[in-house]
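Working notes for the structure below.
Just so it is clear, the structure is predicted and the values come from calculations on it, not from any experiment. Chain A is the first sequence line, chain B the second, and so forth, proteins listed ahead of strands; every chain is numbered from 1.
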Amino acid sequence: MDYFKKKYSIFLLLILLLSAAVRFAFLQKIPVSLYSDEIDQGYNAYSILKTGRDEHGIFLPVSLRSFGDWKPPLQTYLMIPFVYLFGLNATAVRLPGVLMGIGCTVLVFSISKKIFHSNKISLLSAFFLSISPWHILQSRSAMLVMIALFFLMLSIYFFLKSLEKKIYYIFTSVAFVFSVYAYYGMRVITPLIIIVLFFLYMNKIIKAYKVVAISILTGIIFMIPLFVSFTHEPNVVFGRAKTVSVFYDQGVKLRQWELITQDGINFPTNLSRLFHNNIYMYGKNILQRYFSHFDGKFLFLKGDQSPPFTIPDMGILYLADAFFILPGLFIAVKDINTGKKLILLILAISIIPAAFTFMTPSSNRTFNAVIPFSIFTALGISVILKLSNKSYFLPVIISLIYILSFAFFLKQYFIVTPKSYADVWNFGWENLVYYLNGHENKYEQVMIADIGMPYSYILFYKQIDPNFYQKRSVRSYRPGEFGFEHVENFDKYYFLTDFNWKYIKEDLKPKTLYVVPAGQTVPSDKNLIYEIKYPDGKIAYKLFGYE
Amino acid sequence: MASNFLLTVIIYSILSRYMFINFLPPVTSGSVLLYRILTAGLSIGSIYLVYSLIADIFNSRKLGLLTAFIFAVTPWVTEQSRIYSEVNNCLFLLLLAVYFWRKYANIYFRSCLTLIVLSGIYFVYPSLWLFAFFKPGSNLPKLQDFMNNIFTILSPDYLFFRNISFWWGGIKDFGVMFIIFLPFWLYGIYGFLIQKKYYFFLIFFIIVLFTSLSVKFPETREFFLSVPILSLFTATGLKEAFKPKNNTHLIICIIFIALFSYELSQYQHYYTVHYSKEIQMNKDKINGLF
């Protein structure tokens, strides 16, 4: 395969074109709706663009309070130029993720080239990342992890460059800091990766101590806004982590109580504590959650069951990858060097933050692992192709398998998911706004069931003036059942968290429009004026108007 | 010293299998004490056969002893050895067949002996899905279920955290093996791959596929037949890791022994207290001999 050496740039360009095509196609419409996190970031980008403040009125926030989940802000800031250029719409919101996703393809090629010194493996790694279902799904939605992954890879690339040219240590430091501003999990992953890099490349780092010191100082300077904000508001750093933490979930505590009770009152207390202590119970739980991310059903068959990260009838990786990842892993371990150790450790570290949450396995929180998996797949295929010598049979079969797998993914993602899983993407609120634009003048109040944060959709699609909203929104800042803070009302819109149509319709208010989840209605309900339907024809919401 | 260690393993096995076997786990309407005693005895026999076979195949008494030890303490083996377990008894016959095959040089004699022993499987394991397959009305799982079964068996959750193969009568809070064995199990697998000893993987995957083809999965225990191989992988990893080259290795060994002892005591406590209560509460849901 000598032509790889001469023409790798052509292959890389083709891979980039493929990557761009599959990420840009129908971006406005697929996923079928902007998710609540996407909408909220988009509106906050708009708000900061117009007023310098987020929806809560905080000036140039270092962390976005958002729904009380205190989102890291980098993606929102990256959206601002696109919102300025293209307006407040789905494309502008999703473009940063798409561009970073394509950028990752280049970076994985570059990093693989530095580690393996092989155009073939580098191109294969880039190719498998470009068609990865996991990576495509995250690239095409404005979830924080795509930005974080890009900056993590950028920092690793700069670090590998710095081994040749010391000035890159400074860029490495800045890129690491940016990754911390991108996603919560990076506040665990980035320090661990830095520690790993230090121990793996200790000699070279120590030799360049002057530049390293400057780069550390540079990093600290960039982190100052976060430190300063943390002193005023600890949630800036800890925020959402508390509510998704395994220590917040009562499951372990209840099981512990159950076991201690079963021991009985005659059982020595010290022994009971020895067997049913927090360290053992939480430790085992965390380990179980950690290793659940290596379950074949999660990786290759069923994928992430948490909305909106589900691709029906598919894993987060292709089933075919199962045959190549293990040989790739074996080869990486067998002929181990510093670079391969780095890839293995990135895989191990990527899972750590998710292991401490109670919603596992999670494809979102372990997203950084997509890089090692792509590289191991590439390694595995490279090894297997070597075994085939000069025969074309095996390459043809493997190519056919991946073409079919990719085609199946495209069908599931572009056709099946938008039609059958629109509800998990909060479909319907955009349609509501379009209806309201033409009809809401008849009503003094609009009562909306608070499912999926509809307030943010109204803000976004109506492009409500941020100045107006910052002053006029009413919210209690009391977290709800899942730790999210809800908006109670602004202007004429009221968002009811415990919306129960069965009781509300017994005391209807005049001049009021009610937006009711279809599941709460009965056919005999009167004054139905409009229905919002999912793409598959099922009714999502019913609108009842009382003039 | 090797004999002493083997003797220790056998004594431990006898104690762990026969102590309070008449009421631990609690007897159900389908319990027959004699069957429990027989199963326990065959389990101890399996331990010896595992030692003997591994020592012979690999020409290493140390590896044989370690494998037998891992096998003896493995949670699933302990659990199955104290109830009436068809698969436990079947494993003994399989190991015995291999033992006879290796022991005797005369091809006709060893073939006859092996076949006789193997035919005994039909009597000790009549519920094996293969025997039911040829009867009318039986079927195989759908392809998706088959794939799902394979990945379930190979999942870390099933192997190290939650063995769901016997829902009402098994121990769900532990996996097939102890968690502390995981790094050594992986290291052992790596060692086998490096040495290109693929035939053990072949046997292992045949058992995985065989188990996955059962429509009753996960309420099916054919995968138990692979526990000697899992023990072998773990023992291989332990054997390599327990060559203290320096103080760091020594510390790792001490930590392993401490953690293993703790996990073993956890299991013993769980077995005697919590598993016992769970069986007591769910006796009516456990069908057949127990």
Heavy atom to heavy atom, less than 4.5 Å: which residues from residues 284-306 of chain A reach chain B? Lys284(A), Leu287(A), Gln288(A), Phe291(A), Phe294(A), Asp295(A), Gly296(A), Lys297(A), Phe300(A), Leu301(A), Lys302(A)
Does any N or O in the side chain of Ser132(A) come within less than 3.5 Å of the main-chain N or O of His135(A), such that one atom is a donor and the other an acceptor? yes
Chain A contacts: which residues in residues 145-182 of chain B have a non-hydrogen atom closer than 4.5 Å to it? Met147(B), Asn148(B), Phe151(B), Thr152(B), Ser155(B), Pro156(B), Asp157(B), Phe161(B), Arg162(B), Asp173(B), Phe174(B), Ile179(B), Leu182(B)
What about Phe324(A) and Phe128(A), are their ring centers closer than 6.0 Å? no
Indicate yes or no for a side-chain donor-acceptor contact from Thr234(B) to the backbone of Phe184(B) under 3.5 Å, with no hydrogens or angles considered. no
Ring centroids only, cut at 6.0 angstrom: are Phe69(B) and Phe242(B) within range, meaning strictly under it? no
Ring centre gap for Tyr267(B) and Tyr270(B) strictly below 6.0 Å: no
Point-to-point distance, once rounded to the nearest 0.5 Å, from CD1 of Ile193(A) to CG of Asn368(A): 7.5 Å
Checking Gln268(B) against chain A: side chain, backbone, both or neither under 4.5 Å from a heavy atom? neither
Atom of Val252(A), atom of Met281(A) and distance for their closest heavy-atom approach: CG1-CB, 3.9 Å
Quick check on the 6.0 Å ring-centre criterion: do Phe309(A) and Trp134(A) meet it? no
Less than 6.0 angstrom separating the ring centers of His276(A) and Phe267(A), yes or no? no
Between Ser382(A) and Ala378(A) (side chain of the first, backbone of the second, donor and acceptor by atom type, cut-off under 3.5 Å), is there such a pair? no
